[in-house]
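The structure under discussion appears below in the form of structure tokens.
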Number of protein chains: 2
Amino acid sequence: MTDGSLTRDQILSAAVEVLRRYGPAKATVVDVARALKVSHGSVYRHFPSKAALREAVMERWLRESHTLLDAVMAGDGPADVRLRDWLATLFAAKRKKALDDEELFATYMALLGDASEVIEQHIDHLLGQLREIISDGVARGEFAVQDPAATARAVFDASLRFHSPVHAADWGRAEIDEEFDALCVLILDGVRAR
Amino acid sequence: MTDGSLTRDQILSAAVEVLRRYGPAKATVVDVARALKVSHGSVYRHFPSKAALREAVMERWLRESHTLLDAVMAGDGPADVRLRDWLATLFAAKRKKALDDEELFATYMALLGDASEVIEQHIDHLLGQLREIISDGVARGEFAVQDPAATARAVFDASLRFHSPVHAADWGRAEIDEEFDALCVLILDGVRAR
DNA sequence: AGAATGACAAAAGTTGAAATCTGTCATCTG
DNA sequence: CAGATGACAGATTTCAACTTTTGTCATTCT
């Protein structure tokens, strides 16, 4: 059948379209339903609330950055190179989204306000990867840290300026890349065995 | 005379009172004038705009944190202790203001939005002190960094979570102090000579 | 003179009534 | 019976009239 019944994925795609067109402040679930030519009640059969729909959109969107990061995780070079690459990839991915996906990025920022489950999972995923890189570095004798999980958190915090959406306004500054490099040096020297 | 004419300082004090009572969203210069029992036109004789008045209030307020930091700068112990103390003092000062001076802290956050001169100077002052500590550490042979100014910026950025008002919401979390300690370890190991 | 005033225009903010949206549900459709 | 519908109540948003605030300035005060 061309269109027997509405799927979760169709709704998500329509929601992305609507969010991109109207932005998070204006987009309504009526708009999403209209885009799909169904009643808004149908959308509510698949998502319990507008907030849940928004979160599902963001979950899918955030998974895109994960793909690039997963590629870095798959590498098997020295841990310091991997850590640097991972941070650079995260920064690049976030900056790209902030620049050429403004409306969805704004939706992401809005989510930040209401302590969302999705964001928490996203951060946990990132912290997990960091911990893995650091543990690996320790195993190879490259890094010397006392608690890899705590260090992962510290590295995450230290690099906040280059991945937290609250600092997105800074990402257009001329000096930002130099500053990123300087931070990487500090972090890498901070974990390196001596 | 008990009150010959209005001084800049009287206005600033009245403005602080008004800001504390009504908060930055509600406080008006008419309120400030009323508190002083003068017309609002008089306030405009001393400050060219409401924004300028707000900035002057913030300048005075930010200087308070500088006092504590200056005390740390005056010390002459090892540079690593000084750096740690400086970061801890900055964090403590900001957290204290966020907690028991909510309204003025909110005013400070509002200022952040409009790229204020005062904030820029505040940050430059902090960066200058950091650079001084780091240069001193290098001179003593304790630290090894290639460019103290760039490293100062990196240390500032790395510790953003513990002094930038945009992260104030996190400062109430239970784990925050452990996380601060872990970050300090990372930063100190990052600058230390090996 | 320097300092303060109050009247004024333009900008910003408030208010409340009307319109729209969210979320539920009894009913309908295949 | 799973999925879709549209009517509905309560919450939220919008819009326009109205009020307050900002910033200026000619005039007054000392």
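Just so it is clear: chains get the letters A, B, ... in the order the sequence lines come, proteins before strands, and each one is counted from 1. For the numbers below, each heavy atom of this structure counts, side chains included, while hydrogens, waters and symmetry mates do not.
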- Taking atom C1' of dG6(D) as reference, at what distance in whole Å does atom CZ of R34(A) sit? 15 Å
- Message: Using a distance-only criterion (donor-acceptor N/O pair, under 3.5 Å, no hydrogens), is the base of dG23(C) paired with the side chain of H40(A)?
- Response: yes
- Round to the nearest Å and state the distance from Q10(A) atom CD to dG3(D) atom P. 13 Å
- Message: Quick check: closest heavy atoms across A56(B) and F47(B), and the distance to 0.1 Å?
- Response: CB-CE2, 3.7 Å
- Message: Taking the minimum atom-to-atom distance to the side chain of V29(A), which one of dA4(C), dG23(D), dT22(C) wins?
- Response: dT22(C)
- Message: If I take atom CZ in residue R45(A) and atom C1' in nucleotide dA2(D), what distance separates them, rounded to the nearest angstrom?
- Response: 7 Å
- So, does S159(A) use its side chain to make a donor-acceptor pair with the main chain of F156(A) at under 3.5 Å? yes
- Tell me, with the steps shown, if R173(B) and D170(B) meet salt bridge (Lys or Arg N to Asp or Glu O under 4.0 Å). CA-CA 6 Å; R173(B) 290 181 28 151; D170(B) 281 12; 5.3 Å; no
- Query: Can you check the I11(B) CD1 to dA4(C) C1' distance for me, whole Å?
  - Reply: 11 Å
- Query: What's the NE2-C1' distance between H46(A) and dT5(D), to the nearest Å?
  - Reply: 13 Å
- Item | NZ/NE/NH1/NH2 to OD/OE distance under 4.0 Å, R153(A) and D147(A) | no
- Would you kindly compare D31(A) and P48(A) by the position of their nearest DNA chain C nucleotide and give the one closer to the 5′ end? D31(A)
- Message: Under a plain distance cut-off of 3.5 Å, with no hydrogens placed, do T28(A) and D31(A) share a side-chain donor-acceptor pair?
- Response: yes
- Taking only heavy atoms on the protein side, list every residue of residues 13-24 of chain B lying under 4.0 Å from any atom of DNA chain D, sorted numerically. none
- Message: Using the side-chain heavy atoms of Y44(A), tell me which of these nucleotides is nearest: dA3(C), dT22(C), dT5(C).
- Response: dT22(C)
- Contact class for V30(A) vs. all strands (heavy atom < 4.0 Å): base, sugar-phosphate, or nothing? base
Side chains of residues 105-114 of chain A: which donor-acceptor pairs under 3.5 Å do they make with residues two or more places apart or in other chains?
unit_1	atom_1	unit_2	atom_2	d
T107(A)	OG1	E103(A)	O	2.9
Y108(A)	OH	K94(A)	NZ	2.7

- More 5' along DNA chain D: K50(B) or S42(A), using each one's nearest nucleotide? S42(A)
- Task: Rounding to 10 degrees, work out the angle separating the end axes of the helix from dA1(C)-dT30(D) to dG30(C)-dC1(D) (five pairs an end).
- Result: 20°
Ignoring hydrogens and angles, write down the donor-acceptor pairs under 3.5 Å from the side chains of residues 136-144 of chain B, residues two or more places apart or on other chains.
unit_1	atom_1	unit_2	atom_2	d
D136(B)	OD2	R82(B)	NH2	3.0
D136(B)	OD2	R140(B)	NE	3.2
R140(B)	NH2	D76(B)	O	2.9
R140(B)	NH2	G77(B)	O	2.9
E142(B)	OE1	A79(B)	N	3.3
E142(B)	OE1	D80(B)	N	3.1
E142(B)	OE2	A79(B)	N	2.7

- Task: Write down the atom of W86(B), the atom of Q129(B), and the distance for their closest heavy-atom approach.
- Result: NE1-OE1, 2.9 Å
Could you list all N or O pairs between the protein and nucleotides 12-14 of chain C that sit under 3.5 Å apart?
none

- Query: Who pairs with R20(A) by side-chain contact (heavy atoms from CB on, under 4.5 Å), at least two apart in sequence or on another chain?
  - Reply: V16(A), D101(A), L104(A)
- Query: After noting the C-alpha distance and the side-chain angles of R95(A) and D177(A), does the key distance pass the salt bridge (Lys or Arg N to Asp or Glu O under 4.0 Å) rule?
  - Reply: CA-CA 11 Å; R95(A) 180 158 54 170; D177(A) 288 299; 3.1 Å; yes
- Please name the pair of heavy atoms, one in R194(B) and one in D189(A), separated by the smallest distance, quoted to 0.1 Å. NH2-O, 2.9 Å
